[in-house]
Protein chains: 2
Amino acid sequence: MARSDSAGGSGGNSRLSVQDWVQAGFRILADDGLKALTIDRLCKRLGVTKGSFYWHFTDMKAYRNALVDTWAAVRDADRGDFDALSDIPPRERLSHMMTALVGPSHWMLERAMREWARSQDSVAAAVRSSDQRVLAAVRQVFLDDGFAPDEADMRANATFAAGIGVLHLAGSRPSSRAVDWREQFLDVMLRH
Amino acid sequence: MARSDSAGGSGGNSRLSVQDWVQAGFRILADDGLKALTIDRLCKRLGVTKGSFYWHFTDMKAYRNALVDTWAAVRDADRGDFDALSDIPPRERLSHMMTALVGPSHWMLERAMREWARSQDSVAAAVRSSDQRVLAAVRQVFLDDGFAPDEADMRANATFAAGIGVLHLAGSRPSSRAVDWREQFLDVMLRH
DNA sequence: ACCTGAACACCGTTCAAGT
DNA sequence: ACCTGAACACCGTTCAAGT
């Protein structure tokens with residue numbers, strides 16, 4: 001096998017960084033799903049052998065943790081965008097958040113993370129702490145809309161749970177019907 | 001398929017039925033979770049070799065289908081119990097349904113089914129059709145409570161999605177706090 | 001009809017050896 | 001420091017052969 005030059009990545013350097021492995025993993029997840037994410041496939045994509053993987057990561061568990069950490073950072077960045085929009089009315093803000101949660105690009109990743117969380121405590125902890133931050137932002141919307149703290153808490157949890165439920169129930173990408181549905185649902189949740 | 005020898009007892013060198021394999025699978029799932037459900041482990045539990053498994057099932061996929069079919073039958077039986085309670089007030093009926101969905105014994109199984117559904121279309125179809133029946137029962141509650149068909153539809157979907165979300169967000173068994181939360185949530189959903 | 005036993009492919013993991 | 005190459009264990013799958 002002739003070793004193909006580099007992985008088409010940044011700089012075309014022959015040596016790999018942790019981030020190279022992480023990015024390759026994200027691409028595989030998006031292209032072919034959870035089951036396709038195997039060490040062999042990663043190595044083929046990066047043009048190295050398995051030993052290289054085990055120099056960068058102690059095992060598959062550690063590699064998943066690296067993926068989850070990067071995912072959590074991206075998620076936090078998204079949440080930062082919400083904070084920037086804190087001057088627009090609560091109703092619209094909530095609509096934005098729901099769209100982002102169930103939304104297009106994160107869709108596959110969200111599912112993968114939650115799937116790993118079920119069999120790996122370290123992933124579960126990272127997902128939970130990321131969820132907490134999103135929940136706090138949703139709760140703030142209800143507070144801003146004039147609900148008492150307890151009520152805001154309950155409604156934020158309900159809204160978030162429904163979002164996660166939709167994520168798991170959806171067989172495919174959210175349809176336009178789902179968008180209508182979402183708006184009606186938010187009407188109910190924001191009703192005083 | 002209706003041949004049931006001395007199932008349940010260990011030690012009988014009698015021949016195995018499909019249901020013997022299914023029941024052994026449920027026990028492994030409940031005891032040690034999804035990852036423990038391997039052909040080797042099933043064989044050790046039943047005291048046979050792998051060849052036996054492959055005489056009863058064409059592959060692991062087919063075996064999972066058998067498990068899902070049995071699960072769907074049990075779920076339908078539960079739903080039958082709801083129908084019997086159609087004379088009690090909507091609010092209480094909904095409370096019962098939510099408790100059963102998120103509830104104790106089916107908990108582990110529900111998750112396993114939905115996990116398989118993600119990577120196997122036949123399982124996804126079975127889960128979806130079972131979900132549809134539950135959804136219809138929830139929708140009926142809202143109709144009985146006086147909501148218009150469209151409203152009932154939307155609220156049933158929201159209630160169900162929230163239930164599934166809670167199922168996936170829960171790290172452990174539902175706490176007593178979760179029960180309070182559930183009642184408050186139902187109050188909002190049933191508010192006219 | 002129902003099962004054994006041995007084989008094979010695939011994948012995660014290890015490690016001595018190379019640059 | 002970073003990677004190769006060969007080995008091993010585990011698990012799903014196949015199949016000829018046994019009862």
Side-chain angles (χ1 to χ4, degrees), chain A residues 1-7 9-25 28-29 32-68 112 115-116 119-120 122-123, chain B residues 1-7 9-25 28-29 32-68 112 115-116 119-120 122-123:
Chain A
M1 298 287 176
R3 53 174 279 103
S4 52
D5 280 353
S6 74
S10 45
N13 217 340
S14 50
R15 295 283 159 96
L16 295 173
S17 71
V18 166
Q19 269 305 308
D20 290 328
W21 289 93
V22 168
Q23 292 307 319
I28 290 179
L29 277 177
D32 303 289
L34 235 200
K35 245 201 123 183
L37 190 67
T38 153
I39 299 177
D40 267 330
R41 222 163 188 293
L42 278 166
C43 290
K44 205 185 285 179
R45 195 139 190 168
L46 292 171
V48 288
T49 60
K50 289 172 164 188
S52 174
F53 176 91
Y54 282 96
W55 190 87
H56 290 284
F57 308 97
T58 68
D59 54 14
M60 199 65 197
K61 253 168 88 167
Y63 176 64
R64 278 196 282 261
N65 279 331
L67 283 177
V68 170
E115 197 134 339
W116 291 338
S119 55
Q120 199 177 319
S122 54
V123 174
Chain B
M1 311 275 178
R3 46 172 294 110
S4 56
D5 307 59
S6 63
S10 54
N13 21 4
S14 55
R15 266 82 210 269
L16 295 172
S17 72
V18 166
Q19 269 306 308
D20 290 328
W21 288 94
V22 167
Q23 292 308 319
I28 290 178
L29 277 178
D32 302 291
L34 234 202
K35 247 201 122 184
L37 190 67
T38 154
I39 299 178
D40 267 330
R41 222 162 187 296
L42 278 166
C43 290
K44 205 186 285 181
R45 195 137 188 167
L46 291 171
V48 289
T49 60
K50 289 171 162 188
S52 175
F53 176 91
Y54 281 96
W55 190 90
H56 290 284
F57 308 97
T58 67
D59 54 13
M60 198 67 198
K61 254 168 88 166
Y63 176 65
R64 277 197 282 262
N65 280 331
L67 284 178
V68 171
E115 198 134 339
W116 291 338
S119 55
Q120 199 177 319
S122 54
V123 175

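First the proteins, then the strands, lettered A, B, ... as listed; each starts at 1.
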Map every base of DNA chain C to its dot-bracket character, where paired means a Watson-Crick or G-U wobble contact with both distances under 3.5 Å and | marks a partner outside the strand. ||.|||||...|||||.||
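In terms of modelled atom types and a separation under 3.5 Å, the side chain of A:Y63 and the main chain of A:F53 share no donor-acceptor contact.
The minimum heavy-atom distance linking B:L37 with B:M60 is given by the pair O-CE, 3.7 Å. Scanning all heavy atoms of the two residues, the minimum distance from A:Y54 to A:I39 falls at OH-CD1, 3.3 Å. Heavy-atom minimum distance, B:A36 versus B:I28: O-CG2, 3.7 Å.
Contact of the B:L42 side chain with the B:R45 side chain is not registered, since no non-hydrogen atoms from C-beta on lie closer than 4.5 Å. Using a 4.5 Å heavy-atom threshold, the side chains of A:N65 and A:Q120 count as touching. Side chains of B:V48 and B:W21 form a contact here, defined as non-hydrogen atoms less than 4.5 Å apart.
Listed pair B:H56 / C:dA1 fails the phosphate criterion, with no side-chain N or O lying under 4.0 Å from OP1 or OP2.
Scored by the side chain to side chain donor-acceptor pair (under 3.5 Å) test, A:S17 finds A:D20 as partners (sequence neighbours excluded).
Protein atom CG of B:L42 is 16 Å distant from nucleotide atom C1' of C:dC3, rounded to whole Å. If you take CH2 of A:W55 and P of D:dA1, they are 7 Å apart, rounded to a whole angstrom.
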At under 4.0 Å between heavy atoms, how does the protein contact nucleotides 4-14 of chain C? Give one character per nucleotide, 5' to 3', with B, S or -. BB-----SBBB
